[in-house]
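Below is one structure; the comments refer to it alone.
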Amino acid sequence: MRSPRRIRRTALAALSAGVLLAVAGCAEGGDRTAKGTTGTAEAKDVLLQPLASPGPGPFTASTARAPASPAPSATPDSAPPSATRTVHRVSGAAPGLYSGSRSVAACDVERQTRLLADDKDKGRAFAEASDIEAVQIPGYLKSLTPVVLSVDTQVTNHGYGGGSATAFQAVLQAGTAVLVDGRGMPRVRCACGNPLKPAGTADGKAAHRGERWPGYDPARVAAVDPGPRAATSLIIADTDDNTWIQRTVGDSGGRDRTPDDPPPFEPDVELLFPSPGRPTESAPPEPTPSDPSAPREPTDPGPGEPSDDSGDPPPGDPWEFEEGVPDVAPEPTQVFPAEPDEPAAPDEEPMEAGLGDGFTG
């Protein structure tokens, strides 16, 4: 049985394996959305948006329910507003990236639908920024899940002006109510009804505009990447008792339940960021097997805990895999043949490389 310390190390590695550190400013993806609406996606600044602030050009009135105030995670003035930031790209499937209260929706989806239906121009602009047709808005919103951001998160936000959606980079404060899709991507900010898209990135410094909140740290900003596959439920943190909630995708909390197989650690936003004191949180090197081509001498493994060939968890543990890196294929395995001048003894069984333990795929 693995020790709790090793489980935590493995869980940390699984959550942060998909984190790509980038000194980031604002978007590099062009000044147009997929439907052609012009915007400021390439502007060299990022707008800070506190919990209740609707920001520029809100699409609708707020449909967010009263959020809980997040606990500050750093000294408010620990860095100047124009400091170079570090954006941590995290998988939308990471447990604890989102939170909420059991059986309570963070947003009023039905009201959001009515507000967009009542203003045809805004509804059309919302649909264009969301890559859907206007008639699809009700079904689209009902397919999303109301949750709360657990960490400060950068997104490509959209304001409404002149009959169209204008894109800009924004950091939403932890505790912000959002609607997310089945791959964990924020799609709507409920405080203003604005459509959201993935954050853009660019090298260099970014000027931070807007009101800074207690705990804001430019080196601790998340940007969400799609989970590896469309999920039927999300594992979110319960803000009331720091336990886990399994929330069905597209449900407003009525079917919330305790996961049958919860993550083997408590909700903790620190798991979503590399620790400055422990850059890789790696375990001490473990013994590695000898070259398969060399003769093996009989050894007594002793009473100690068996070591995995590569230090990775065995494939049977569903929570200890690098879910944050969906597009990276495992390294190809190789079996080295025995040296031709050193055949195995007649009474020995043919050797087979124990590759199943070394790679989890």
Side-chain angles (χ1 to χ4, degrees), residues 24-27 33 37 39-74 76-83 85-90 97-100 106-107 112 115 122 125-126 129-130 144 146-161 165-180 185-202 206-224 269:
C26 34
T33 66
T37 54
T40 57
E42 287 189 351
K44 298 299 182 183
D45 55 14
V46 176
L47 179 63
L48 304 182
Q49 296 196 271
L51 288 177
S53 172
F59 272 71
T60 67
S62 176
T63 61
R65 306 191 189 277
S69 298
S73 58
D77 297 323
S78 59
S82 61
R85 303 174 308 122
T86 302
V87 174
H88 306 266
R89 305 198 74 92
V90 182
L97 177 61
Y98 301 109
S99 56
C107 311
Q112 186 69 65
L115 290 173
K122 288 185 176 180
F126 177 94
S130 301
L144 304 178
V147 291
V148 171
L149 296 173
S150 295
V151 294
D152 298 342
T153 304
Q154 182 173 332
V155 296
T156 297
N157 204 340
H158 295 79
Y160 178 79
T166 302
F168 62 95
Q169 294 300 300
V171 173
L172 307 181
Q173 184 182 5
T176 296
V178 293
L179 299 176
V180 302
M185 296 300 297
R187 293 304 182 186
V188 180
R189 181 172 183 240
C190 301
C192 52
N194 291 3
L196 304 176
K197 285 191 172 182
T201 58
H208 296 184
R209 299 188 293 108
E211 178 185 352
R212 302 176 75 218
W213 49 85
Y216 174 69
D217 183 347
R220 293 170 61 82
V221 174
V224 184
V269 297

Discussion item. Set out, in order, the CA-CA distance, both residues' side-chain angles and the distance that settles side chain to side chain contact (heavy atoms under 4.5 Å, CB included) for Arg209 and Val46, then state yes or no.
Written reply: CA-CA 6 Å; Arg209 299 188 293 108; Val46 176; over 6 Å; no
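- Taking OG1 from Thr176 and CG from Leu149, the interatomic distance works out to 5.5 Å, rounded to the nearest 0.5 Å.
- Residues Phe59 and Cys192 are not in side-chain contact: their nearest non-hydrogen atoms beyond the backbone lie 4.5 Å or more apart.
- Rounding to the nearest 0.5 angstrom, the gap separating the CD atom in Gln169 from the CG atom in Leu48 is 12.5 Å.
- Remark: Ser150 pairs with Ser99, Val269 by the side-chain contact (heavy atoms from CB on, under 4.5 Å) rule, at least two apart or across chains.
- In this structure, the side-chain contact (heavy atoms from CB on, under 4.5 Å) partners of Pro56, at least two apart in sequence or on a different chain, are Leu47, Gln49, Phe168.
- In this structure, OH on Tyr160 lies 12.0 Å from CG on Asn194, to the nearest 0.5 angstrom.
- Taking both residues in full, the closest heavy atoms of Pro195 and Phe126 are given as CD-CD1, 3.6 Å, listed atom of the first, atom of the second, then distance.
- Side-chain contact between Cys190 and Leu179 is present, with at least one heavy-atom pair separated by less than 4.5 Å.
- Atom NZ of Lys122 sits about 9.0 Å away from atom CG of Leu115, to the nearest 0.5 Å.
- A donor atom on one side chain and an acceptor atom on the other are found under 3.5 Å apart for Thr60 and Gln112.
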Practice prompt. Evaluate side chain to side chain contact (heavy atoms under 4.5 Å, CB included) for Lys197 paired with Met185, printing each intermediate quantity in order.
Written response: CA-CA 8 Å; Lys197 285 191 172 182; Met185 296 300 297; over 6 Å; no
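- Under the 3.5 Å distance criterion, the side-chain polar atoms of His88 are matched with a main-chain donor or acceptor of Ala219.
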Discussion item. Leu196 vs Arg187, test: side chain to side chain contact (heavy atoms under 4.5 Å, CB included). Steps then yes/no.
Written reply: CA-CA 4 Å; Leu196 304 176; Arg187 293 304 182 186; 5.5 Å; no
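- Of all non-hydrogen atoms in Arg89 and Ala199, the two that sit nearest each other are NH2-O, 3.5 Å.
- Of all heavy-atom pairs between Gly200 and Gln154, the closest is O-NE2, 3.3 Å.
- Residues Trp213 and Asp152 have side chains in contact (heavy-atom distance under 4.5 Å, counting atoms from C-beta outward).
- Ring centroids of His208 and Tyr216 are separated by less than 6.0 Å, placing the two rings close together.
- Rounded to the nearest 0.5 Å, atoms CZ (Arg189) and OG (Ser53) are 6.0 Å apart.
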Item to complete: With side chain to side chain contact (heavy atoms under 4.5 Å, CB included) as the test, would you mind laying out the steps for Val147 and Val178 before giving the verdict?
Response: CA-CA 6 Å; Val147 291; Val178 293; 4.1 Å; yes
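- You'll find the side chain of Leu144 stays beyond 4.5 Å of the side chain of Val180, heavy atoms only.
- Closest approach of Ala191 to Ala64, counting heavy atoms only: N-CB, 4.3 Å.
- Val151 has its side chain within reach of Thr153: a pair of non-hydrogen atoms, C-beta onward, lies under 4.5 Å apart.
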